[in-house]
Every structure is written in C-alpha cells, then in structure tokens.
Amino acid sequence: MDQNKWLEIEYLALRQEILALSAAEQSTVKFYLPTAGAVFAVPYIIHMTNQALLWSICAGVAGLLLLAMVHTLHASVDGVRKIGMYIKEGIETRTQGGLRWENVVHNWDNRTSTAWYSETLAISAGAVIAYAAATIGAAMTFLTGKAVLAPISVAVIVACLAVPTLVRLGRAGHQRSGYSNDVRQFLAPQSDEPAA
C-alpha cells in the first residue's frame, strides 16, 4: 500500500480517537455532577439530617465521584494532547503541508501561553468548589458543635486531593509543547551503535 494511504488511515483513526475522547469528557460530566449532587439529598430524604456520620459518608461518596470526574477529564484531555502532538510531529510533517491543523493549534497555545484557563479546568475547579461549599453549607445548616467539623474535614481532604490534577489541567500549553518535543525525540532515527 502507498505510504500516503497509510498516513491517511493513521490520521483518520487518530482523529476518531480524539472525537471519542471528547465525547467521553461530555459523558463524564453528565454522569458525575448530577450523581455527586444527588448524594447530598440522601440525609434529607431519609430524615436523618442531624447525623454527622451520615453527612460525612455523603461528603466522602460525593467527593470520590468528583475526584473520579476530575481525573477522568484530565485523562481525556491529556490523551487528546498526546494524540494531537503525534499528529503534528509524526503525520503532518510527512504530508508536505497537506495537513496543518495540529500545528495551528500548537501555535495558538504558544501565542496565548499566559492564558491557563480552559473549559475543562473551569468545570472541574467549579465542581470542586461547589462540592466544598455544599458540604460546608450542609454541615453548618444541619449539624451543631464539633459535629460540623466531620463532613468539612472530608471536603478539605477531597479538595486537597483534587488540586494537583487541577493544576495539570491548567498547564495545557506547557504540556502540549512537552509532548511535541517527546514525540520528535521518539520518532528520531535511533542509532544501533553503542555509545562510546
């Protein structure tokens, strides 16, 4: 088969994978956010709103759901970045200017390197902040004394666990450049001669 045909097949397969990862991002948000929110309704529905342990369990379950969402979103976004940089360095360079989209995206990222804001970061950070606020609000509304601290402590732990992934989500441009360099290095011809 012609080399150009192989490039086209690989390019189309990778673009399909990017579309699948983007669809997974949307499905992730549609599932995890409502589910995490619904968990907070349990104590109210079963009329046990003064139980610190129950609120702490709800905060823990909702927190785990949000952590799963944040990590899944990061994995999807990171996968798209890696595929995009492989397309840029491994495919577009061999099409004599026929394909250029990933180069354009990379240049946009480099030109706006001070802008760290992305939709995925906004959704993830907003969800973590809303979760912490909901936990604090529920604890302050339904609990008294030191019992207030139990669900709030859970929320603080969950928020702290989410921060590293949120930071990585905010570094899209830097990661894209790093992946571009990595792909170039991986695709460079390797010498079979042992180092002197």
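Positions are given from 1 along the sequence.
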*Smallest separation among heavy atoms of M69 and S124, with atom names*: CE-CA, 4.2 Å
_Return the CG to CD1 distance between D78 and I83, rounded to the nearest 0.5 Å._
10.0 Å
*asked:* When you compare the side chain of T93 with that of L187, does any pair of heavy atoms fall below 4.5 Å?
replied: no
*Give the minimum heavy-atom separation between L166 and L121, together with the two atoms involved.*
O-CD1, 3.3 Å
*Search all heavy atoms of R81 against all heavy atoms of R168 and return the closest pair with its distance.*
NH1-O, 4.0 Å
*asked:* Just verifying a value: how many Å separate L53 CG and I57 CD1, rounded to the nearest 0.5 Å?
replied: 4.0 Å
*Working to the nearest 0.5 Å, report the span between CH2 of W101 and CZ of R15.*
8.0 Å
*Between W55 and F142, what is the ring plane arrangement, given parallel below 30°, perpendicular above 60°, and tilted in between?*
parallel
*Heavy-atom side-chain proximity of V61 to V42 below 4.5 angstrom*: no
*asked:* Looking at every non-hydrogen atom in both residues, tell me the closest pair between A36 and A62 and how far apart they are.
replied: O-CB, 3.6 Å
*Taking the side chain as C-beta and beyond, is there a heavy-atom pair between S180 and K88 under 4.5 Å?*
yes
*Do C160 and V156 come close enough that some side-chain heavy atom pair is under 4.5 Å?*
yes
*Give the cluster check for L33 versus L64: same hydrophobic cluster or not, with ILVMFWY residues linked at side-chain heavy-atom distances below 4.5 Å.*
no
*Answer with yes or no whether the hydrophobic clustering places V70 together with V29; edges join I, L, V, M, F, W, Y residues whose side-chain heavy atoms lie under 4.5 Å apart.*
yes
*Do L161 and I129 belong together in a cluster built from hydrophobic side chains that touch within less than 4.5 Å?*
no
*asked:* On a heavy-atom basis, which atom in L169 and which in H74 lie closest, and how many Å separate them?
replied: CD2-CA, 3.9 Å
*asked:* Please tell me whether I45 and F40 are part of a single hydrophobic cluster in this structure, the criterion being side-chain heavy atoms less than 4.5 Å apart.
replied: no
*Have a look at I152 and tell me which of I136, L143, I157 forms a side-chain contact (heavy atoms from CB on, under 4.5 Å) with it.*
I136
_On a heavy-atom basis, which atom in V158 and which in L67 lie closest, and how many Å separate them?_
O-CD2, 3.8 Å
*Return yes if some donor-acceptor pair links the side-chain N/O of E92 with the main-chain N/O of N103 below 3.5 Å, else return no.*
yes
*Would a 4.5 Å heavy-atom cut-off, applied to side chains only, mark Q16 and L19 as touching?*
yes
*Rounded to the nearest 0.5 Å, what's the gap from CD on Q51 to SG on C58? Could you check?*
11.5 Å
_Could you check whether any side-chain heavy atom of L99 comes within less than 4.5 Å of a side-chain heavy atom of L7, counting everything from C-beta outward?_
no
*asked:* Just so I know, are the side chains of V154 and T135 near enough to count as touching, which here means a heavy-atom distance under 4.5 Å?
replied: no
*Measure the spacing between CD of E10 and OH of Y86 and express it to the nearest 0.5 Å.*
3.5 Å
*Does the side chain of L66 come within less than 4.5 Å of Y32's, by heavy atoms?*
no
*Measure the spacing between CD1 of I87 and CG of L14 and express it to the nearest 0.5 Å.*
5.0 Å
*Keeping the roles fixed (side chain from Y131, backbone from A59), state whether a donor-acceptor pair exists under 3.5 Å.*
yes
*Take atom CZ of R94 as the centre, draw a 6.0 Å sphere, and report whether it contains more than 12 heavy atoms from other residues, nucleotides or ligands.*
yes
